[in-house]
*Asks:* 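Here it is: the structure, laid out below.
Chain letters run A, B, ... following the sequence lines, proteins first, then strands; residues in each count from 1.
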Amino acid sequence: MTRNELLGIYRKLYASHGPQHWWPGDGPFEVMLGAVLTQNTAWSNVERAIDNLKAAGLMDLQALLQTAETQLAQHIRPAGYFNVKARRVLSLCRFLTAHANLAELNDHELRERLLAVHGIGPETADDILLYAFERPVFVIDAYTRRLFSRLGLVEPDAGYETLRRAFEQALGPDVPLYNEYHALIVRHAKEACRTKPICDACCLKILCDYSNLCFMQ
DNA sequence: TACCAGGAGAAAA
DNA sequence: TTTTCTCATGGT
């Protein structure tokens with residue numbers, strides 16, 4: 001997987017969908033909450049949960065820390081897994097309160113600290129690193145894995161860290177590019193094909209555009 | 001009705 | 001160590 005291959009696909013996605021202006025949230029704290037709430041969940045459901053939090057005056061670190069877990073769970077109910085996510089949100093809040101100097105940590109140190117928080121795995125940590133802390137970390141999600149494996153550029157069962165390093169080594173550190181690229185992959189997956197996420201036809205379209213060989217005709 | 005969604009942690013094998 | 005199970009609402 002080369003830089004030119006990745007940039008070629010990026011340009012096709014950008015030409016097709018335009019700038020995405022991610023993350024769809026206001027400020028780093030809302031980005032971090034959204035990253036937890038969207039785990040295995042459609043963003044439309046997360047928006048309902050975020051609206052509930054704002055209406056209750058809970059889009060605030062200290063306010064959340066003073067809220068009972070069971071009460072928080074009811075506010076974020078539309079996001080699904082609400083009991084699990086309430087515990088994870090409060091774990092994140094306690095972590096943020098206990099570490100006031102996070103912005104001073106280097107990328108690796110900050111990533112390790114985030115991964116040590118209950119409920120924050122690789123993808124959620126990288127969402128937070130890229131979209132809240134603006135660190136050059138490429139986010140790998142199910143869409144990324146599915147799209148690029150169908151394009152034949154990565155192994156479908158490759159590990160998360162293997163894929164992340166492959167993208168980062170090929171592209172080089174570039175926060176604006178990582179930001180837009182991940183957002184475009186999600187946009188493409190959600191909207192390019194309405195029958196099922198990233199169907200073969202969509203992948204073939206990208207592949208055909210990319211290689212100038214049309215297999216669809 | 002059944003399946004899926006911008007995962008992660010715990011339990012089981 | 002690897003695989004499987006659990007968590008749950010809302011849209012299609």
Side-chain angles (χ1 to χ4, degrees), chain A residues 10 13 17 19-26 28 30-53 55 69-95 111-133 135 137-150 154-164 167 177-200 202-203:
Chain A
Y10 171 81
L13 290 171
H17 304 293
Q20 301 302 302
H21 307 294
W22 266 37
W23 182 279
D26 298 328
E30 188 172 323
V31 169
M32 290 188 267
L33 290 189
V36 172
L37 294 175
T38 198
Q39 291 170 352
N40 205 35
T41 300
W43 183 256
S44 58
N45 290 358
V46 176
E47 287 181 317
R48 294 167 181 263
I50 289 177
D51 288 345
N52 288 348
L53 291 176
E69 189 174 303
T70 52
Q71 186 179 353
L72 173 58
Q74 293 309 309
H75 288 297
I76 64 173
R77 192 182 184 97
Y81 308 121
F82 48 85
N83 290 315
V84 170
K85 288 177 179 176
R87 186 163 65 250
R88 292 177 182 178
V89 165
L90 291 178
S91 294
L92 173 62
C93 289
R94 285 191 287 269
F95 167 75
R111 189 167 193 271
E112 292 302 309
R113 296 283 185 91
L114 285 169
L115 288 172
V117 178
H118 172 84
I120 296 184
E123 184 182 335
T124 305
D126 292 345
D127 276 335
I128 292 172
L129 284 163
L130 178 60
Y131 292 104
F133 286 91
R135 303 300 180 93
V137 176
F138 199 94
V139 178
I140 304 297
D141 65 351
Y143 292 147
T144 308
R145 185 184 303 277
R146 197 181 310 163
L147 175 60
F148 285 87
S149 66
R150 288 191 186 179
V154 303
E155 295 297 325
D157 57 348
Y160 186 97
E161 293 302 317
T162 300
L163 289 177
R164 182 176 68 84
F167 277 88
L177 176 63
Y178 291 3
N179 179 318
E180 198 65 48
Y181 210 146
H182 176 65
L184 283 166
I185 291 168
V186 174
R187 171 69 181 273
H188 184 72
K190 290 163 70 173
E191 297 189 15
C193 178
R194 297 185 184 281
T195 57
K196 62 178 181 176
I198 310 184
C199 71
D200 291 337
C202 291
C203 283

*Asks:* Between the protein and nucleotides 11-13 of chain B, are there any N/O to N/O pairs under 3.5 Å, and if so, what are the atom names and distances?
*Replies:*
none

*Asks:* When the P atoms of B:dT1 and C:dA8 are considered, how many whole Å apart are they?
*Replies:* 23 Å
*Asks:* Considering only residues two or more places apart or on different chains, which pairs with a residue in residues 30-48 of chain A satisfy salt bridge (charged side-chain N to carboxylate O under 4.0 Å, His left out)?
*Replies:*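 Listed once each, the pairs are A:Glu30-A:Lys54.
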*Asks:* Find the distance A:Arg145:CZ to B:dA5:P and express it as a whole number of Å.
*Replies:* 14 Å
*Asks:* In whole Å, I'd like the distance from the CG atom of A:Asp51 to the P atom of C:dG10.
*Replies:*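 Checked: the CG to P distance equals 13 Å.
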*Asks:* Which atom pair, heavy atoms only, marks the closest approach of A:Ala35 to A:Ile128?
*Replies:*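 Heavy atoms only, the tightest pair is CB-CG1, 4.0 Å.
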*Asks:* Using atom types as modelled and distance alone, determine if a side-chain donor or acceptor of A:Arg187 lies under 3.5 Å from a backbone N or O of A:Pro19.
*Replies:* no
*Asks:* If the plane angle is over 60° it's perpendicular, under 30° parallel, otherwise tilted; pick one for A:His182 and A:Tyr131.
*Replies:* tilted
*Asks:* Kindly check if the number of other-residue, nucleotide or ligand heavy atoms within 6.0 Å of CD (A:Glu112) is above 12?
*Replies:* yes
*Asks:* What is the separation between atom CG on A:Leu163 and atom P on B:dG7, rounded to the nearest whole Å?
*Replies:* 14 Å
*Asks:* Would you indicate what A:His182 reaches in the nucleic acid, counting non-hydrogen atoms under 4.0 angstrom: base, sugar-phosphate, or nothing?
*Replies:*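 It contacts nothing in the nucleic acid.
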*Asks:* Please give the distance between the C1' atoms of B:dA5 and C:dT3 as a whole number of Å.
*Replies:*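 Comparing C1' positions in B:dA5 and C:dT3 gives a spacing of 22 Å.
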*Asks:* What side-chain donor-acceptor pairs closer than 3.5 Å can you find for residues 115-125 of chain A, not counting sequence neighbours?
*Replies:*
unit_1: A:Thr124; atom_1: OG1; unit_2: A:Gln39; atom_2: NE2; d: 2.9

*Asks:* Return no unless some side-chain N or O of A:Ser44 is found under 4.0 Å from OP1 or OP2 of B:dA5.
*Replies:* no
*Asks:* Could you state the atom-to-atom distance from CD of A:Gln39 to C1' of C:dT9 in whole Å?
*Replies:* 15 Å
*Asks:* May I have the distance from A:Leu37 (atom CG) to C:dT9 (atom P), rounded to whole angstrom?
*Replies:* 15 Å
*Asks:* Among the nucleotides C:dG10, B:dG9, B:dG7, which one has an atom lying closest to any side-chain atom of A:Pro78?
*Replies:*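 Taking heavy atoms from C-beta onward, the closest nucleotide is C:dG10.
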*Asks:* Report the nucleotide, chosen from B:dG9, B:dG7, C:dG10, that has the shortest atom-to-atom distance to any side-chain atom of A:Arg48.
*Replies:*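 Among B:dG9, B:dG7, C:dG10, the one nearest the side chain of A:Arg48 is C:dG10.
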*Asks:* Take the protein atom CG of A:Asp126 and the nucleotide atom P of B:dG7, then report the distance between them rounded to whole Å.
*Replies:*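 In whole Å, B:dG7 P and A:Asp126 CG are 13 Å from each other.
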*Asks:* Tell me, please, which residues at least two apart from A:Asn83 pass side-chain hydrogen bond (donor to acceptor under 3.5 Å, both in side chains).
*Replies:* none
*Asks:* Go through the structure and list residues passing salt bridge (charged side-chain N to carboxylate O under 4.0 Å, His left out) with A:Asp51, not counting sequence neighbours.
*Replies:* none
*Asks:* At a cut-off of 3.5 Å, list every protein nitrogen or oxygen paired with a nitrogen or oxygen from nucleotides 6-8 of chain C, distance to 0.1 Å.
*Replies:*
unit_1: C:dA8; atom_1: OP1; unit_2: A:Tyr81; atom_2: O; d: 3.1
unit_1: C:dA8; atom_1: OP1; unit_2: A:Phe82; atom_2: N; d: 3.0
unit_1: C:dA8; atom_1: OP1; unit_2: A:Asn83; atom_2: N; d: 2.7
unit_1: C:dA8; atom_1: OP1; unit_2: A:Val84; atom_2: N; d: 3.1
unit_1: C:dA8; atom_1: OP2; unit_2: A:Asn83; atom_2: ND2; d: 3.1
unit_1: C:dA8; atom_1: O4'; unit_2: A:Tyr81; atom_2: N; d: 2.9
unit_1: C:dA8; atom_1: N6; unit_2: A:Tyr81; atom_2: OH; d: 2.0
unit_1: C:dA8; atom_1: N1; unit_2: A:Tyr81; atom_2: OH; d: 2.7

*Asks:* When the nearest nucleotide of DNA chain B is assigned to A:Val186 and to A:Ile120 on a heavy-atom basis, which residue is associated with the more 5' position?
*Replies:* A:Val186
*Asks:* Rounded to whole Å, please give me the gap between CD1 in A:Ile76 and C1' in C:dG10.
*Replies:* 15 Å
*Asks:* Testing A:Phe148, A:Tyr10, A:Phe167 for ring pair (Phe, Tyr, Trp, His ring centres under 6.0 Å) with A:Phe138, which one passes?
*Replies:* A:Phe167
*Asks:* Give the rounded distance in Å between these two atoms: CG of A:Leu92 and P of B:dG9.
*Replies:*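 Going from CG in A:Leu92 over to P in B:dG9 covers 12 Å.
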*Asks:* If we ignore hydrogens and angles and just use 3.5 Å, is the side chain of A:Asn52 paired with the main-chain N or O of A:His75 as donor and acceptor?
*Replies:* yes
